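Taking it in order: structure first as structure tokens, then the write-up.
Numbers restart at 1 for each chain; the letters A, B, ... are given by sequence-line order, proteins then strands. Just so it is clear, the model here is predicted, and its values are computed rather than measured.
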There are 2 protein chains.
Amino acid sequence: MLNRTRIVTAAVELIEREGADAVSMRRIAAELGVGVMSLYNHVPSKAALLDAVAEDVLSRIGFTDDPSAHWTERVRIQARAFRRIAHHYPRSTMVVVSRQLNSTAGLLPVERALATLREAGFDGGEAVRMLRMFIAYVVGSLLREVGVTPTFAPVRAGAAVAEVDPALFPLVSELRPQLDSCDHDEEFEFGLELLVQAMAVRAAARAGARTGGGEGERGGERAGRGGARQ
Amino acid sequence: MLNRTRIVTAAVELIEREGADAVSMRRIAAELGVGVMSLYNHVPSKAALLDAVAEDVLSRIGFTDDPSAHWTERVRIQARAFRRIAHHYPRSTMVVVSRQLNSTAGLLPVERALATLREAGFDGGEAVRMLRMFIAYVVGSLLREVGVTPTFAPVRAGAAVAEVDPALFPLVSELRPQLDSCDHDEEFEFGLELLVQAMAVRAAARAGARTGGGEGERGGERAGRGGARQ
DNA sequence: GCGTGTCACGTACGCTGTACGTACGTCAAT
DNA sequence: ATTGACGTACGTACAGCGTACGTGACACGC
């Protein structure tokens, strides 16, 4: 029996196996051993199917929200959960971000994140802004990570990049080794840490302003110059 | 006379006017008053054409790098320059980010950015990491901004979003007004400021470590709780 | 038996990207 | 002046795309 979820999962598998360009209604139908038009009994259009794919992938984000952990650590955990899914479905992730969807699929993560940020001491408007900024960073990072290769090979093939004139671009030329290689884990954790610390500073300033006190006021984890962690 | 740049600019105009889905070789040829296959004398494939579009848009980023300004301000200026182009070619921006291109188009911005970060006191590795984090944030923000609507209407039509069960998602429900509306300028500047301040803190720590001194050491602009600026 | 629905399916239409062959202008060498 | 090579524009053709539409098989309440 054909149904919507079978179609969606077939689409996800096909995307991961052969890339988003290989996706066509005929291809998916063949994958399921059915006629093309049968799909349209369950999915109104290809665009809607891709939306459903995005929704499906997004809903797979697993959250192990540990209320006992410090809010900064919970922020890290949520960001990593998001990233883990993106790495598990790299090519579908491109579909997710390419396509703005107004569904309630990503609502639970949002709820959790807002709870965490409220706990950190931000009021509603600040929490939303923080969340938006954080999502922007995570999405941007994932775009770089999963977009760097069609599959998710560890690193770009190597000397695919052309020569650079050291006279025109001295710094690019000098920093070539750092620019060419990229440890995605380390890179992500670096930015994550920077953001978390910036948020902690802001939270401390908030708390300080609220209690009318001076400046420190134990805002939690005062920027430990922290390196990447894994 | 047909040539590559005429084709590319026609493609950009078409994308902006009717969206990326409307782009086809036949459509572009018709736009130029030319046969379809004539395009292939100047462009090897549609994919290559879209790459060229991305490259073209990217190369339009205008930099008025003012060496007298503080490095934090220069970071802001560069980020805004990037964003301005994305707003000028919103739909083409989507093809830029959807498509990973290994060309030298975005090399000048990279060079400028690295110079700025070096001036801030970061060594090569840190400068590259900072740059990557910054690009991730900017790209993620732009994805949200330009993806929110096909055109760049100020805000989502309005009540397009479905109802949310306040019992299941209390915070989402409570913060609905903040979540629905979004002042993109303000939002962008908020995250930008947070990032710049986080970088400044890091730069100060760096400088402190290098001089062996304590902690302050005039790293520039010590986190002024700053609001958005325009 | 008989409408009424749902579901799988086949056919068909107007698109798409592009491989291939052709025709015409210009320029270099003869 | 003639010839040949070459670059450019073009038309045709093919395989594949999304999907509108009609058809037939089956299950149901009356």
Side-chain angles (χ1 to χ4, degrees), chain A residues 1-57 91-92 94-96 98-103 147 150, chain B residues 1-57 91-92 94-96 98-103 147 150:
Chain A
M1 184 60 173
L2 200 55
N3 60 25
R4 184 183 158 100
T5 63
R6 284 226 309 145
I7 295 176
V8 171
T9 62
V12 172
E13 287 171 10
L14 182 57
I15 289 175
E16 291 307 324
R17 185 150 30 86
E18 306 198 21
D21 289 346
V23 174
S24 77
M25 299 304 267
R26 286 174 168 83
R27 197 82 171 62
I28 295 174
E31 213 81 15
L32 292 167
V34 298
V36 196
M37 294 315 289
S38 308
L39 303 177
Y40 285 89
N41 288 324
H42 308 270
V43 164
S45 71
K46 184 186 181 181
L49 172 57
L50 291 182
D51 282 342
V53 165
E55 205 167 327
D56 183 63
V57 170
R91 306 170 110 150
S92 303
M94 288 300 285
V95 176
V96 175
S98 301
R99 174 166 291 277
Q100 81 278 18
L101 71 165
N102 47 356
S103 83
Chain B
M1 183 62 171
L2 201 54
N3 61 24
R4 186 181 157 100
T5 62
R6 281 224 314 144
I7 295 176
V8 171
T9 61
V12 172
E13 287 172 10
L14 182 57
I15 290 175
E16 292 306 326
R17 185 150 30 87
E18 306 197 20
D21 289 345
V23 173
S24 78
M25 298 304 265
R26 284 174 168 82
R27 196 80 172 66
I28 295 174
E31 213 80 15
L32 291 167
V34 123
V36 194
M37 295 315 288
S38 308
L39 302 177
Y40 285 88
N41 289 322
H42 308 273
V43 165
S45 71
K46 184 185 181 179
L49 173 56
L50 291 181
D51 282 342
V53 165
E55 203 167 330
D56 183 62
V57 170
R91 307 171 111 151
S92 304
M94 286 301 283
V95 327
V96 174
S98 302
R99 177 164 291 275
Q100 80 277 19
L101 70 165
N102 47 358
S103 83

Problem set entry | Residues touching DNA chain C, which here means a heavy atom under 4.0 Å, drawn from residues 45-52 of chain B |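 By residue number: B:Ser45, B:Lys46.
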Rounding to a whole Å, what distance do you find between [X]:[atom1] and [N]:[atom2]?
X: A:Ile28; N: D:dC17; atom1: CD1; atom2: P; value: 11 Å
X: A:Leu2; N: D:dA25; atom1: CG; atom2: C1'; value: 16 Å
X: A:Arg27; N: D:dG18; atom1: CZ; atom2: C1'; value: 16 Å
X: B:Asp21; N: D:dG18; atom1: CG; atom2: C1'; value: 12 Å

For this session: Find the distance between OG (B:Ser24) and CG (B:Leu14) and round it off to the nearest 0.5 Å.
Result: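 Interatomic distance, B:Ser24 OG to B:Leu14 CG, rounded to 0.5 Å: 8.0 Å.
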Problem set entry | Gap between atom CG of A:Leu49 and atom CG of A:Asp56 - 0.5 Å precision |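 Between A:Asp56 CG and A:Leu49 CG, I get 10.5 Å after rounding to 0.5 Å.
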For this session: Could you tell me whether B:Arg4 atom CZ has more than 12 heavy atoms of other residues or ligands within 6.0 Å of it?
Result: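 Atom CZ in B:Arg4 is not crowded, with 12 or fewer foreign heavy atoms closer than 6.0 Å.
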Exercise. CG of B:Asn3: more than 12 outside heavy atoms within 6.0 angstrom?
Worked result: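 Counting neighbours around CG of B:Asn3, more than 12 heavy atoms of other residues, nucleotides or ligands fall under 6.0 Å, so yes.
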Exercise. Checking side-chain contact (heavy atoms from CB on, under 4.5 Å) for the pair B:Leu32/B:Leu39: CA distance, chi angles, key distance, verdict?
Worked result: CA-CA 10 Å; B:Leu32 291 167; B:Leu39 302 177; 4.2 Å; yes
Exercise. What are the 5'-most and 3'-most nucleotides of DNA chain C lying under 4.0 Å from any heavy atom of chain B?
Worked result: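 Range of nucleotides within reach of chain B: C:dT16 to C:dC20.
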Exercise. What does B:Val36 touch in the nucleic acid at a heavy-atom separation under 4.0 angstrom: a base, only the sugar-phosphate, or nothing?
Worked result: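 Contact class for B:Val36: base.
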Exercise. Any donor-acceptor pair under 3.5 Å joining the side chain of A:Arg26 to the base of D:dG16?
Worked result: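 Such a pair does not exist between side chain and base.
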Problem set entry | pair B:Ile7-B:Val34: side-chain heavy atoms closer than 4.5 Å |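 Not touching, per the 4.5 Å side-chain cut-off.
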For this session: With sequence neighbours left out, write down each residue that passes side chain to side chain contact (heavy atoms under 4.5 Å, CB included) with B:Glu13, or none if nothing qualifies.
Result: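 Scan of B:Glu13 (side chain to side chain contact (heavy atoms under 4.5 Å, CB included), adjacent residues dropped) gives none.
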Problem set entry | 5' precedence on DNA chain D between A:Ser24 and B:Met1 (nearest-nucleotide basis) |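 Final value for this comparison: B:Met1.
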For this session: Output, in order, the C-alpha distance, side-chain angles, deciding distance and verdict of side-chain contact (heavy atoms from CB on, under 4.5 Å) for A:Arg27 and A:Glu18.
Result: CA-CA 11 Å; A:Arg27 197 82 171 62; A:Glu18 306 198 21; 2.4 Å; yes
